[in-house]
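Heads up: the structure comes next, in structure tokens.
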Amino acid sequence: MDFSLLQDALASKSYTNIADICDELMLQVAAEGIAFQDEWPYAIHLLGHIYVDDVARFLWKSIPSAVKEGRAEVVAAWKIGQRLWTRDYAGVHEAIRGFDWSQEPQGLVASFSELYTERMFQLLMSAYSTISVQDAALFLGMEEDDATNYAVQQGWIVEPSSRMLTIKKQPIVTEQKLDPSKLQRLTECVFHLEH
């Protein structure tokens with residue numbers, strides 16, 4: 001089985017393409033009637049779906065029981081998916097750090113961890129005006145000091161006595177483009193109605 005396209009995507013850190021590449025390869029192999037259970041990179045396939053914000057429940061259901069029972073890395077990848085599914089934000093970070101990933105998926109997992117931290121930061125920014133350092137650390141999967149430093153670097157303000165972070169909201173930029181032809185038609189319409 002030729003996994004060169006998948007290996008190239010991993011090597012070039014094109015992680016957003018992993019799920020599609022694996023799905024396409026799986027369809028090709030299935031169409032040819034080839035048994036692929038033993039050598040299929042299920043963990044990377046699951047992680048590829050998780051990376052693009054797809055919990056991959058259907059892929060997990062299609063994985064043979066023998067693989068689920070015999071490959072710890074596949075189960076570890078699925079733990080991340082489960083935590084995402086149940087919105088256990090701190091649990092996602094625990095699932096990522098709770099397994100000693102093999103060399104092949106390490107870059108993918110590390111990149112997902114960074115991406116997930118950024119997503120959680122954006123979520124905190126949109127949902128809160130203040131949050132405790134402890135809660136922010138939980139969401140961001142960091143130690144409290146690291147979470148505080150991360151937030152301060154993003155412009156948030158820390159109140160040392162209460163251990164609260166005040167979120168700096170990003171200004172909402174709305175760009176209005178005025179199309180001269182639409183303005184002309186509107187002017188003509190109003191002129192026509194008035195006269």
With the 4.5 Å side-chain cut-off for hydrophobic clustering, are Met125 and Met120 part of the same group?
-> yes

Do Ile50 and Asp54 have side chains that get closer than 4.5 Å, going by heavy atoms?
-> no

Heavy-atom distance under 4.5 Å between the side chains of Phe3 and Trp40, does that happen here?
-> yes

What is the distance from atom NZ of Lys168 to atom OG of Ser129, rounded to the nearest 0.5 Å?
-> 16.0 Å

So salt bridge (charged side-chain N to carboxylate O under 4.0 Å, His left out) across residues 93-110, not counting sequence neighbours, yields none

Any residue meeting side chain to side chain contact (heavy atoms under 4.5 Å, CB included) with Thr166, in chain and number order, not counting sequence neighbours = Thr130, Ile157

Leu108 backbone acceptor or donor facing Ser111 side chain under 3.5 Å = no

Just list the side-chain donor-acceptor pairs under 3.5 Å for residues 17-31, sequence neighbours left out, or say none.
{"residue": "Asp23", "atom": "OD1", "partner": "His45", "partner atom": "NE2", "Å": "2.6"}
{"residue": "Asp23", "atom": "OD1", "partner": "His49", "partner atom": "NE2", "Å": "3.0"}
{"residue": "Asp23", "atom": "OD2", "partner": "His49", "partner atom": "NE2", "Å": "3.3"}

Find out if a path of hydrophobic residues (ILVMFWY) with successive side-chain heavy-atom gaps under 4.5 Å connects Ile167 to Met164.
-> no

In Å, rounded to the nearest 0.5 Å, how long is the span from CG of Leu10 to CD of Gln106?
-> 12.0 Å

List the atom of Ala136, the atom of Leu165, and the distance in Å for their closest heavy-atom pair.
-> CB-CD1, 3.8 Å

Is the gap between the ring centers of Trp156 and Phe121 under 6.0 Å?
-> yes

Partner residues of Tyr51 under the ring-ring contact (aromatic ring centres under 6.0 Å, His included) criterion, sequence neighbours left out | Tyr15

Where do Ala137 and Ala147 come nearest, in terms of heavy atoms and distance?
-> CA-CB, 3.6 Å

Decide yes or no on side-chain hydrogen bond (donor to acceptor under 3.5 Å, both in side chains) for Asp88 and Thr86, but give the supporting numbers first.
-> CA-CA 5 Å; Asp88 178 2; Thr86 60; 5.0 Å; no

Is Tyr128 atom OH crowded by more than 12 heavy atoms from other residues, nucleotides or ligands, each under 6.0 Å away?
-> no

State whether the number of non-hydrogen atoms from other residues, nucleotides or ligands found under 6.0 Å of Lys68 atom NZ is greater than 12.
-> yes

Within-4.5 Å side-chain heavy-atom neighbours: Leu47 and Trp101 = yes

Here the salt bridge (charged side-chain N to carboxylate O under 4.0 Å, His left out) pairs for residues 107-122, sequence neighbours left out, are Asp53-Arg119

Under the side chain to side chain contact (heavy atoms under 4.5 Å, CB included) criterion, do Arg57 and Trp78 qualify, and how do the steps go?
-> CA-CA 9 Å; Arg57 287 189 333 268; Trp78 179 236; 3.7 Å; yes

Note, Tyr116 side chain near His93 side chain (heavy atom, < 4.5 Å) | yes

Does the side chain of Thr117 come within less than 4.5 Å of Met142's, by heavy atoms?
-> yes

Does Leu115 belong to the same Ile/Leu/Val/Met/Phe/Trp/Tyr cluster as Leu84, with side-chain heavy atoms less than 4.5 Å apart forming each link?
-> yes

Gap between atom CD1 of Ile63 and atom CZ of Arg71 - 0.5 Å precision | 8.5 Å

Kindly say whether Ser102 contributes a backbone atom to a donor-acceptor pair with the side chain of Glu73 at under 3.5 angstrom?
-> yes

Sorted by chain and number, sequence neighbours left out, ring-ring contact (aromatic ring centres under 6.0 Å, His included) with Phe139 holds for Tyr89

Atom pair CD/CD of Gln122 and Gln154 - distance to nearest 0.5 Å = 8.5 Å

Val152 reachable from Leu140 in the ILVMFWY side-chain graph, under 4.5 Å edges | yes

In Å, rounded to the nearest 0.5 Å, how long is the span from CD of Gln134 to CD of Glu144?
-> 5.5 Å

Heavy-atom check, side chain of Trp60 versus side chain of Val74, under 4.5 Å = yes

Is it the case that one hydrophobic cluster holds both Tyr150 and Phe112, taking links as side-chain heavy atoms less than 4.5 Å apart, direct or via other members?
-> yes

